[in-house]
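Scroll down for the structure; my scribbles are underneath it.
So you know, we letter chains A, B, ... as the sequences are listed, proteins then strands, and number each from 1.
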Number of protein chains: 2
Amino acid sequence: MQDDAPPTRVSTLEDVALVAGVSRASVSRVVNGKPGVAAHIVEAVTDAIARTGYVPNRAARSLVTRRSDTVLVVVSGSDTSRAGPWGPGELLADPFFGRVAGGLMSSLRPRDIHPVLMLAVTDDERSRVLSYVREGSADGVLLVSAQAGDPLPQMLTDAGLPVVLFSRPDHPLPLSYVDVNNRAGGALAADHLVARGCRSVGIVTGPLDIPGAEDRLLGFREAMARHGVAYVPSAPGTFSVESGATAMEALLTQHRVDGVFASNDNMAVGAILAAQERGLSVPDDVAVVGFDDSTAALMCRPTLTTVRQPIETMSAEMARLLLERLDAPDQRPSAAIFEPVLVERGSA
Amino acid sequence: MQDDAPPTRVSTLEDVALVAGVSRASVSRVVNGKPGVAAHIVEAVTDAIARTGYVPNRAARSLVTRRSDTVLVVVSGSDTSRAGPWGPGELLADPFFGRVAGGLMSSLRPRDIHPVLMLAVTDDERSRVLSYVREGSADGVLLVSAQAGDPLPQMLTDAGLPVVLFSRPDHPLPLSYVDVNNRAGGALAADHLVARGCRSVGIVTGPLDIPGAEDRLLGFREAMARHGVAYVPSAPGTFSVESGATAMEALLTQHRVDGVFASNDNMAVGAILAAQERGLSVPDDVAVVGFDDSTAALMCRPTLTTVRQPIETMSAEMARLLLERLDAPDQRPSAAIFEPVLVERGSA
DNA sequence: CTGAAAGCGCTTACAG
DNA sequence: CTGAAAGCGCTTACAG
């Protein structure tokens with residue numbers, strides 16, 4: 001099939017009106033499903049649309065409605081997160097972002113709203129986020145921040161833009177967010193380790209300036225205290241596999257732990273590898289519990305016992321909250337907190 | 001800082017013109033950096049822009065320029081790929097997509113072109129891709145297809161839309177694409193296994209209706225033939241960890257292999273796990289080579305020896321090709337093929 | 001080098 | 001219920 005026809009001018013509302021023999025206003029009404037249009041007009045227009053292959057021009061519509069039907073999805077990282085072994089894509093290489101994207105899209109698609117992706121690492125990029133919304137290109141922003149002390153949430157609320165975050169902001173701000181109950185998650189891990197008979201328990205934390213990481217630590221410690229354990233040794237990690245391994249070694253040599261909670265799955269994988277490298281058996285010599293239930297949880301041996309965070313559900317809700325806010329701009333910000341569940345597999 | 005000011009009407013070209021005391025045309029010229037504007041006008045306008053906080057309205061501009069400065073990034077999967085243990089986000093949970101996104105953005109950002117993300121799994125979604133471009137919402141499409149027999153490339157070329165694929169299409173089509181030299185990659189794996197002294201070598205293939213998977217097999221077999229090995233046992237996989245494990249077991253029991261090439265890293269991880277579960281040592285009893293150099297390559301023990309595919313570079317080039325095509329629509333389609341390199345680590 | 005004017009393709013009061 | 005008309009905020013020939 002040859003198709004060398006010149007890209008014929010795409011047809012407009014006007015063309016449809018001509019073909020249907022009605023006014024442009026009527027065509028517009030039919031296209032937008034407005035009520036109160038006579039049946040014979042609807043038919044004529046529908047027909048004409050089919051014959052002309054009409055597709056509404058989004059820019060023209062957007063110019064008058066002042067809606068773009070687009071939301072900005074911004075992934076905000078720190079400068080250091082950009083250059084890694086996998087280059088500039090590294091920040092996004094974490095399966096976490098893909099799962100978030102999938103969740104968002106499940107809420108956005110039914111409403112026919114489209115996500116445009118933006119990375120915000122530099123100051124320049126952060127101000128682009130604001131401009132993008134100001135120029136009417138997006139109606140609001142969904143922010144996934146992997147950065148402690150991120151100025152973006154503040155900038156966004158100051159500008160009065162509709163915004164929803166994934167994760168609680170690191171200082172109180174009048175905006176909506178979704179999060180998992182990190183404290184409850186930490187407690188789940190502690191309870192499980194204790195129930196399995198661990199007597200010397202430690203924790204590999206995430207960066208403690210990130211609220212979620214601190215809450216996991218807090219919840220873990222509180223639960224251990226309830227079990228009568230006042231002191232819980234901890235070693236800091238950065239959420240990467242290697243940092244988990246390093247932290248685990250510290251815990252092993254300095255505290256001879258027999259049970260460890262790592263604040264995410266990547267670090268849990270690192271912890272397992274580190275233990276095994278020292279000839280220890282997981283979970284017999286040392287049990288390991290992760291957090292997330294990421295794809296990595298099934299790639300290691302033993303498979304990972306972990307605190308599941310329902311990422312897709314959370315991000316779907318995140319998009320829903322933004323949509324709601326767009327429909328009713330004066331609504332108060334709200335938070336949706338999800339309860340984690342422990343998924344028991346091989347490592348603890 | 002309270003900011004309860006009503007969202008003041010955003011200023012327009014007209015406002016700037018008024019403040020600067022020039023015509024709208026002049027403002028437009030300096031905003032767009034057109035040459036031949038008197039210095040004093042440029043200054044007055046620049047000033048007025050700063051004072052008014054003017055940001056051009058994208059819809060209005062787009063309506064007249066017929067450019068959206070947006071490209072559609074579509075991830076096309078099969079129906080079955082949507083529902084998995086991780087739900088609807090699963091298709092995107094593969095770190096591969098995040099790395100591609102990162103690569104694309106590195107080419108798009110300097111040109112200030114924005115990517116909107118779309119999943120195309122159902123027929124309805126596929127036709128939405130066409131509509132989206134037809135309504136002027138995007139200037140072209142970047143397609144990453146994880147699906148054999150995907151009708152989308154054909155649909156896109158038929159419609160005469162600017163499009164670039166990641167991976168060679170499964171039948172010849174007049175469109176641009178980027179790919180890795182899969183045959184050379186297969187050969188690299190074969191050469192390495194032979195050089196290490198493996199005497200009974202097998203391959204875990206991907207789905208063979210995907211051109212890349214077939215090429216890896218072909219390249220592997222050809223190279224083995226050059227080494228005097230006429231027969232290479234193979235077991236099929238689906239690119240998942242589990243399928244790699246299953247295939248590995250077949251190879252181990254039926255062919256007592258001591259060297260295996262898995263057509264991607266996920267399957268290589270599965271293969272290693274399967275070998276270890278049978279008490280075999282990797283690489284001593286059986287060596288394993290993967291393909292991709294994904295994040296998984298460093299998460300397993302031993303770490304994975306693998307054929308590296310420069311995903312970020314490839315996708316950056318992919319975006320560059322589309323941009324080029326948008327600048328010069330009549331250009332012939334072209335393909336950019338990248339040479340893989342073997343990354344030697346612990347598993348082979 | 002600059003400005004007045006037309007026009008991009010829609011939606012939406014406003015009359016009728 | 002329908003249509004004529006204004007207007008959304010830009011860019012771009014066209015004169016001057």
Side-chain angles (χ1 to χ4, degrees), chain A residues 7-46 48-49 52-70 112 131-137 139, chain B residues 7-46 48-49 52-70 112 131-137 139:
Chain A
T8 64
R9 191 180 62 85
V10 57
S11 51
T12 70
L13 238 206
E14 174 109 47
D15 299 326
V16 178
L18 246 40
V19 172
V22 301
S23 71
R24 282 149 55 203
S26 287
V27 177
S28 176
R29 290 186 188 109
V30 173
V31 167
N32 294 296
K34 296 269 160 81
V37 179
H40 72 277
I41 292 220
V42 174
E43 197 186 344
V45 170
T46 310
I49 288 176
T52 52
Y54 172 66
V55 182
N57 178 294
R58 182 181 298 249
R61 171 181 288 174
S62 178
L63 181 55
V64 20
T65 60
R66 305 179 156 286
R67 278 289 207 124
S68 63
D69 290 335
T70 293
D112 216 349
S131 296
Y132 196 76
V133 179
R134 287 227 182 85
E135 73 189 5
S137 303
D139 302 326
Chain B
T8 64
R9 191 180 63 82
V10 57
S11 52
T12 70
L13 238 204
E14 174 108 46
D15 299 326
V16 178
L18 246 40
V19 171
V22 300
S23 72
R24 283 149 54 202
S26 287
V27 177
S28 175
R29 290 187 188 106
V30 349
V31 167
N32 294 295
K34 295 268 159 82
V37 180
H40 72 278
I41 292 220
V42 173
E43 196 185 346
V45 170
T46 310
I49 288 176
T52 52
Y54 171 67
V55 182
N57 179 295
R58 183 181 296 251
R61 172 180 286 173
S62 178
L63 181 56
V64 20
T65 60
R66 303 179 159 287
R67 278 289 207 125
S68 62
D69 289 335
T70 293
D112 215 348
S131 296
Y132 196 76
V133 179
R134 286 226 182 86
E135 73 190 6
S137 303
D139 303 327

_So, OP1 or OP2 of D:dG3: does either fall under 4.0 Å of a side-chain N or O from A:Ser26?_
yes
*Does a side-chain heavy-atom distance below 4.5 Å link B:Val22 with B:Val45?*
yes
*Got a sec? Which of residues 34-44 of chain B come in under 4.0 Å of DNA chain C, heavy atoms?*
B:Gly36, B:Val37, B:Ala38, B:His40, B:Ile41
*What's the CG-P distance between A:Asp69 and C:dT11, to the nearest Å?*
11 Å
*Figure out the CD/P separation between A:Glu14 and C:dT11, and round it to whole Å.*
13 Å
*Please answer whether the main-chain N or O of B:Val16 pairs with a side-chain N or O of B:Thr52 as donor and acceptor at a distance below 3.5 Å.*
no
*Is any N or O donor-acceptor pair between the side chain of A:Arg29 and the base of D:dG3 shorter than 3.5 Å?*
yes
_Sub-4.5 Å side-chain heavy-atom contact between A:Pro56 and A:Leu13_ = no
*Using a heavy-atom cut-off of under 4.0 Å over every strand shown, decide if A:Val55 touches base, sugar-phosphate, or nothing.*
sugar-phosphate
_Tell me the closest heavy-atom pair linking A:Val31 and A:Tyr54, and the distance in Å._
CG2-CE2, 3.9 Å
*asked:* Could you tell me how far apart A:Arg134 (CZ) and D:dG9 (C1') are, to the nearest whole angstrom?
replied: 18 Å
*C:dC8 phosphate, OP1 or OP2: any side-chain N/O from A:Asn57 under 4.0 angstrom?*
no
*Checking A:Ser62 side chain against B:Ala59 main chain: does a donor-acceptor pair fall under 3.5 Å?*
no
*Send over the distance from B:Arg61 CZ to D:dC8 P, rounded to a whole Å.*
19 Å
*D:dG9 P sits how many Å from B:Arg58 CZ, rounded?*
17 Å
*What closest approach, in Å, do A:Val10 and A:Asp15 show between heavy atoms, and which atom pair accounts for it?*
O-OD2, 4.3 Å
*Quick one: B:Leu13 CG to C:dT2 C1', roughly how many Å, whole number?*
15 Å
*Think A:Ser23 has a side-chain N or O under 4.0 angstrom from the OP1 or OP2 of D:dG3?*
yes
*Out of C:dT11, D:dC8, D:dC10, which nucleotide sits closest to the side chain of A:Leu63?*
D:dC8
*Output yes when at least one side-chain N/O atom of B:Ser28 is less than 4.0 Å from OP1 or OP2 of D:dT11, else no.*
yes
*Once Watson-Crick and G-U wobble pairs under 3.5 Å are found, how is DNA chain C written in dot-bracket notation, 5' to 3', with | for any base paired to another strand?*
|||.||||||||.|||
_Could you check whether B:Ser137 and B:Glu135, counting side-chain N and O atoms only, form a donor-acceptor pair closer than 3.5 Å?_
yes
*Just by modelled atom types, is the A:Arg24 backbone N or O under 3.5 Å from a matching donor or acceptor in the A:Ser28 side chain?*
no
_So if I take every side-chain heavy atom of A:Tyr54 and compare against C:dT12, C:dC10, D:dG3, which nucleotide ends up nearest?_
C:dC10
*Counting only distance, no hydrogens or angles, is the base of C:dG9 paired donor-acceptor with the side chain of B:Arg66 under 3.5 Å?*
no
_Distance-minimising heavy-atom pair for A:Ala20 and A:Ala44_ = CB-O, 3.8 Å
_Checking B:Asp139 against B:Ser68 for the side-chain hydrogen bond (donor to acceptor under 3.5 Å, both in side chains) test, could you report, in this order, the C-alpha distance in whole Å, the side-chain angles of both residues, the deciding distance, and whether it holds?_
CA-CA 6 Å; B:Asp139 303 327; B:Ser68 62; 2.9 Å; yes
_Tell me the interatomic distance from B:Asp15, atom CG, to D:dG9, atom P, rounded to whole angstroms._
9 Å
*Rounded to the Å, how far apart are B:Arg24 CZ and D:dG7 P?*
13 Å
